[in-house]
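Working notes for the structure below.
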There are 2 protein chains.
Amino acid sequence: MSVKTLCLGALSLRDGTGYDIKKLFESAFSHFHSASYGSIYPALKQLQADGLLDCRLEPGAKHPDRKLFSLTGEGRKALVDELTAMPAGEQLRSDFLLLMFFAHLLPTEVLRDKLAQMEAYYEDELSYLKSIADCAEHSAGIAFTIEQGIQVYTAKLGLLRDRREQLLKDHREIPKEWSENSPCTD
Amino acid sequence: MSVKTLCLGALSLRDGTGYDIKKLFESAFSHFHSASYGSIYPALKQLQADGLLDCRLEPGAKHPDRKLFSLTGEGRKALVDELTAMPAGEQLRSDFLLLMFFAHLLPTEVLRDKLAQMEAYYEDELSYLKSIADCAEHSAGIAFTIEQGIQVYTAKLGLLRDRREQLLKDHREIPKEWSENSPCTD
DNA sequence: TCGAACATGTAAAAGGTTACATGATTAC
DNA sequence: GTAATCATGTAACCTTTTACATGTTCGA
């Protein structure tokens with residue numbers, strides 16, 4: 001039920017369309033949640049059917065089919081209830097760490113490339129978060145989410161830069177020929 | 001195809017059963033990936049059918065049906081190929097940050113509880129990672145994944161402790177009565 | 001005028017979890 | 001003797017992504 005909660009949350013900030021909500025997921029929520037149109041539009045339909053959202057059409061000159069959603073009183077209550085009931089957990093899914101775990105199986109150049117890609121990724125995330133930290137007043141809670149992102153990416157970037165040379169230097173390239181009688185007995 | 005890659009990776013370390021693989025996911029991989037039996041056993045079956053795993057039964061006195069899997073040469077190659085081809089990304093899914101984003105909607109006691117739960121969670125993860133960092137020799141890559149976890153959880157725990165008092169002090173409890181004419185115009 | 005951004009939606013497929021079903025072995 | 005751990009597997013369900021289908025509006 002997560003996309004629904006995300007949509008309720010987005011609409012608690014301001015009324016908006018499915019498209020607006022997606023933009024919010026790509027900006028303010030980007031470092032801790034995500035969702036695609038294929039899950040947002042059905043979620044909005046369902047939430048409206050459940051009486052948690054109101055919808056007014058904006059057929060004005062500009063956009064023919066714009067559907068502007070807003071929270072109902074019930075919707076706001078449902079959001080608070082879900083946030084309260086939800087266990088406060090988090091889960092990382094990192095293909096990068098998976099790769100690092102098996103770095104000893106890879107050619108050095110591949111490792112070098114992946115480290116470079118990840119550095120660029122961390123840099124981008126960090127500079128984005130810093131830009132939004134500065135440019136507006138946020139509630140204390142929102143500021144906390146941004147600050148956590150900044151500290152986490154700063155730590156990750158620092159470690160990556162710290163260890164890169166050593167990782168590459170120590171890295172032993174595995175012989176190209178793999179076979180059953182590999183000498184590797186890890 | 002992620003569970004398959006995870007299984008190939010696990011079996012590149014040592015031969016093992018589905019059960020062993022699950023244990024590994026709950027220990028060494030726990031801070032960056034996860035999978036349940038319901039996905040592991042079908043994945044192993046499929047990988048065997050694809051010729052990437054060998055399976056020998058251990059019907060010894062102890063365990064009647066123990067299926068010990070091992071990588072074939074092709075399986076090892078497939079693992080390396082997948083690690084190489086896979087874009088090196090990561091994604092956080094944090095219900096805690098979602099909750100913090102909307103902290104202004106919640107009663108103070110709920111916020112206090114969630115912060116306490118999260119502190120305990122971060123402490124547990126951190127102490128687990130510290131314990132495995134000390135107790136064995138790891139490859140440089142594995143050490144990197146543990147070190148990143150330690151630094152990240154240390155940062156998160158530090159920020160949480162730093163900000164908690166201020167967050168709770170500044171926190172304005174929202175009146176119990178919610179209705180359409182709420183004064184909240186964020 | 002042409003591409004980017006705005007805007008909505010569906011259907012199929014992928015991927016995974018949960019719950020169930022079963023049973024042996026080990027440590028207390 | 002009884003609870004935890006070891007051990008395998010299936011089926012139903014849930015959620016989400018991907019790919020498709022369509023059309024407008026705005027800025028360069």
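In what follows, chains are A, B, ... by sequence order, proteins preceding strands, each numbered from 1. Source: prediction; values computed, not measured.
Mapping A:V3 and B:G38 onto DNA chain D by nearest heavy atom places B:G38 closer to the 5' end of the strand.
Atom-to-atom, OH of A:Y41 to C1' of D:dT18 comes out at 16 Å; the value is rounded to the nearest Å. A:Y37 places its OH atom 20 Å from the P atom of C:dA11, with the value rounded to the nearest Å. Across the protein-nucleic acid pair, A:E26 atom CD and C:dA4 atom P stand 16 Å apart, rounded to whole Å. Between B:I21 atom CD1 and C:dG16 atom C1' there is a gap of 17 Å when expressed in whole angstrom units. Atom C1' of nucleotide C:dG15 and atom CD of B:Q46 are separated by 13 Å, given to the nearest angstrom. Atom-to-atom, NZ of A:K23 to C1' of C:dA5 comes out at 8 Å; the value is rounded to the nearest Å. We find that CD1 of B:I40 is positioned 16 Å from P of C:dG15, with the value rounded to whole Å. Distance B:D65 CG to D:dA7 C1': 8 Å, rounded to the nearest Å.
For the pair B:K23 and B:Y19, the cation-pi test (distance below 6.0 Å, angle within 45°) is passed.
Ring geometry for B:H104 versus B:F102: interplanar angle of 30 to 60°, hence tilted.
To the nearest 0.5 Å, the span separating CZ on B:R76 from CG on A:L105 amounts to 6.0 Å.
Among the atoms of the strands shown, only primed sugar atoms or phosphate atoms (P, OP1, OP2) are found under 4.0 Å from some heavy atom of A:G18. Residue contacts for B:T17: at a heavy-atom cut-off of 4.0 Å it reaches the sugar-phosphate backbone alone, with no base atom in range.
Regarding contacts with the backbone of C:dT17, a side-chain N or O of B:S39 is found under 4.0 angstrom from either OP1 or OP2. Contact annotation: A:S36 reaches the phosphate of D:dT17 (side-chain N/O to OP1 or OP2, under 4.0 Å). Listed pair A:K67 / C:dG9 meets the phosphate criterion, a side-chain N or O lying under 4.0 Å from OP1 or OP2. Between B:R93 and D:dT16 there is a side-chain N or O to OP1 or OP2 distance below 4.0 Å. Residue A:K45 places at least one side-chain N or O under 4.0 Å from the OP1 or OP2 atom of C:dT10.
Salt bridge annotation for B:E58-B:K67: absent, with no cationic side-chain nitrogen under 4.0 angstrom from a carboxylate oxygen.
Screening B:S30, B:S34, B:S94 against A:Q91 for a side-chain hydrogen bond (donor to acceptor under 3.5 Å, both in side chains) leaves a single residue, B:S34.
For A:Y19, the side-chain atoms get nearest to C:dT8 when compared with the rest of C:dG16, D:dC6, C:dT8. Nearest nucleotide to the side chain of B:S2, out of C:dG16, D:dT17, C:dA7: C:dG16.
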